[in-house]
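Below, chains carry the letters A, B, ... as their sequence lines are ordered, and counting in each starts from 1.
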Protein chains: 2
Amino acid sequence: MNQRLPVQGPQGDLLRLVATGKAESRAELARLSGLAASSVSLRVEELIDAGLLAEEGSGTSRGGRRPRRLRLSPEAGVLAVADLGAHHVRLGLLDLSGSPLVIEERPCEISDGPRATLDRVADAFDALLAEHVPAGTPLRGVGTGVPGPVDPATLRVVTPSRMPGWNDFPVADHLAARYDLPVLVENDANLMAAGEARHWPGSENLMVVKAGTGIGCGVVVNGSLHRGRGAAGDISHVRVRSDSSILCACGHPDCLEAYASGAALAAVLTEAGVEVTRPADIVTLVNDAVPEATSLVRNAGRRIGEVLTVLVNFFNPDVIAVGGSLSAAEPLITSIRAAVWERCLPLATRDLEIAPARAGRDAALLGAGTLLLEAVTRP
Amino acid sequence: MNQRLPVQGPQGDLLRLVATGKAESRAELARLSGLAASSVSLRVEELIDAGLLAEEGSGTSRGGRRPRRLRLSPEAGVLAVADLGAHHVRLGLLDLSGSPLVIEERPCEISDGPRATLDRVADAFDALLAEHVPAGTPLRGVGTGVPGPVDPATLRVVTPSRMPGWNDFPVADHLAARYDLPVLVENDANLMAAGEARHWPGSENLMVVKAGTGIGCGVVVNGSLHRGRGAAGDISHVRVRSDSSILCACGHPDCLEAYASGAALAAVLTEAGVEVTRPADIVTLVNDAVPEATSLVRNAGRRIGEVLTVLVNFFNPDVIAVGGSLSAAEPLITSIRAAVWERCLPLATRDLEIAPARAGRDAALLGAGTLLLEAVTRP
DNA sequence: CCGTTTATCTTCGAAATCGAAGGAAGTGAG
DNA sequence: CTCACTTCCTTCGATTTCGAAGATAAACGG
């Protein structure tokens, strides 16, 4: 039934431009797609006939005739996305433009292993679909983020330190067996970066730092996610300059993670007799102006900033977006900025923006939507 | 006369695939270009009629009919390329496939300023063209490398530390005024990276380190050069871990360049009473098994490797190619390897190749040819 | 109010592209 | 040698895309 719908090929390109909000009218589609205006009109006609696009009033004039605004039809389809954490999963449904229809969080132990976890996620998808999506609207793609590296070639999880029982498990194949649809599996920090990228129009090269219990980072190059061999973006196991020496779980001394992650800060505070369980607790302490906490966070920011220094000189991003639960502590980003400004080449920092992440706590789910939309609308 | 030749548009794509050696037959062109085989045949016919392509015998069978091999016609055109150094310039002519017709090196002081230098280069181009290129063969592009950062937006040189008088000079405009053709201006390490990339087919992500008097680096992402804001690839002003403290010319303490560049090593050796003027002299000492020189180079390699560690985790390249005059000293690459293998994530080093550069001393000129070919054959 | 300008969108014949079918030229197995 | 099979390339009618011209709709400026 939904096998021959024009979501791929040239129509797919047009659909994607509307879904991502880059184009709102036939004229904009023509400019951005490179197709002739007449061809765009023909294809848009088809997309409207197929019930994927709809016309909705008119936009604002740019000095001439007002454009007839196009938007995605609600019946165009939905995407099911999840983001697996160590002890819980956030999951939900998005429309093709990436707007959430429903998002919820459930407890879920990733240590239960891949089969149990993924089946539980899929059951949750089915329940949400039954409750929130009318019968005629097709599910068009399924995606999930995982807290570990994913081999982009095989879509398997590889050497995940926090996912016992998942090593080399074919996550995508398992999901594809249940849903005969495009399936996405990606590292959670990468998903967050993909979600963040949409909030920085005009910026093609981004680094997105996730400062939470651990320290993650995703890289966007030329507007699309850089995967490398599956571990790209890792900054947590970089050696930092230090007087003392701490051994990291990875077996090497003085990793950034051992000094500046939420877990490391919590350990120091607990040692000092302050009760801390989650990174959010540290933020609370900082906002309450507890001197030790503030000093610790500032120190962590400086360390992260020193690592970023190397990467900024090398990669020359337009934007460094700082997210994660720890990023709510203001001194973090301030001291990251200070370290980068001080030490980087002027040419590299000339127009560099270092700012809080814009996509909010559902960034990873939104990122999964963005990447899935690509997969759904490509030949 | 050569204004309407089909080097752009769809024919340009085909021409480029042949010129870069990616395709040698109509069938390969069809596979790589995405066009239908019938369309490819038509366009190739046109290119042959226009004298840009030629048929040359047949290739080897892959189990069926033998392909009719296509190659670039010698009359298709030439590219004029140069690579400016501090005290000399290498320049020459390439055919469109990037093969050198003639390459020579001349003394040339970059401190004479942009006008004098560029005019001298252009005069040299004209002389080479008159001597080595028959009348019917058109010049299709001009490109030059410079030993400093280039703003990719304006093609001006920005804040060049070793190019007095060049700051903000519109190099591309100056050349374009003399040649009404596509003009390329690029940092020399970036050109080297572009040239090297062609020698690593199958590898999409490369870091190319140039270890000479200074330390340069170029980055190739998804097969094309990453420019960032013009300074991308810089690794020379990264802070290294050190007991002592050396102030770098950039004003910061403990830059990699101050410890591991050819200039830094030469300074130490001279201090110790060993006569050294160029990085090549250091290589000679190492090959003669002079212990101090070997130990110094090994130390430099380890320091470079420690910096690369961070970048390998972050960027996950397929290949790190090490070139530059100092790279001829074997211990350099060996100790870079050791540092990277020891400290990087296994996933990042799993299939990583760290190897000597393959493109030789004309890498930058060949890279200029590759990038110019792009400019010439694009709409 | 009424032309001028600008931008959006459609119409329609020309051109480019596709894809199915088939011919050409090879390999390899019996 | 013959026959099946593979790959390469061309032919030709169908489809898609283009681009010039015009229709539509609004802003702007007397």
Taking [X] first and then [Y], would you say they form a salt bridge - that is, a charged N and a carboxylate O separated by under 4.0 Å?
X        : Y        : answer
A/Arg26  : A/Glu55  : yes
B/Glu186 : B/Arg227 : yes
B/Arg358 : B/Glu196 : no
A/Arg350 : B/Asp151 : yes

Nearest-0.5 Å distance, CG of residue B/Asn316 to CG of residue B/Asp351:
10.5 Å
If I take atom CD from residue B/Glu56 and atom CZ from residue B/Arg69, how far apart are they, to the nearest 0.5 angstrom?
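It comes to 6.5 Å.
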Closest-nucleotide 5' rank along DNA chain D - winner of A/Gly34 and A/Ser58
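It is A/Gly34, whose closest nucleotide lies nearer the 5' terminus.
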Pick the nucleotide of DNA chain D nearest each of A/Ala36 and B/Ala37; which residue has the one closer to the 5' end?
B/Ala37
Which comes earlier along DNA chain C counting from the 5' end, the contact point of A/Ser25 or that of A/Gly64, where each point is its nearest nucleotide?
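Looking at DNA chain C, the more 5' nearest nucleotide goes with A/Gly64.
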Using the rule given for side-chain contact (heavy atoms from CB on, under 4.5 Å), can you reason through B/Leu352 versus B/Asp318, listing the C-alpha separation, both sets of side-chain angles and the distance that settles it, and then say yes or no?
CA-CA 5 Å; B/Leu352 170 65; B/Asp318 305 316; over 6 Å; no
Describe the nucleic acid contact of [X] in one word from base, sugar-phosphate, nothing, applying a heavy-atom distance below 4.0 Å.
X       : answer
A/Arg69 : nothing
B/Ser38 : base
A/Ser61 : sugar-phosphate

Would you mind telling me which of A/Leu366, A/Leu365, A/Val142, A/Thr144 makes a side chain to side chain contact (heavy atoms under 4.5 Å, CB included) with A/Val81?
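For A/Val81, the side chain to side chain contact (heavy atoms under 4.5 Å, CB included) test succeeds with only one of A/Leu366, A/Leu365, A/Val142, A/Thr144, which is A/Leu365.
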Give me the first and last nucleotide of DNA chain D, going 5' to 3', that has any atom under 4.0 Å from a heavy atom of chain A.
D/dT16 to D/dA27
I'd like the 5' and 3' limits of the part of DNA chain C contacted by chain B, with heavy-atom contacts below 4.0 Å.
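Range of nucleotides within reach of chain B: C/dA16 to C/dT27.
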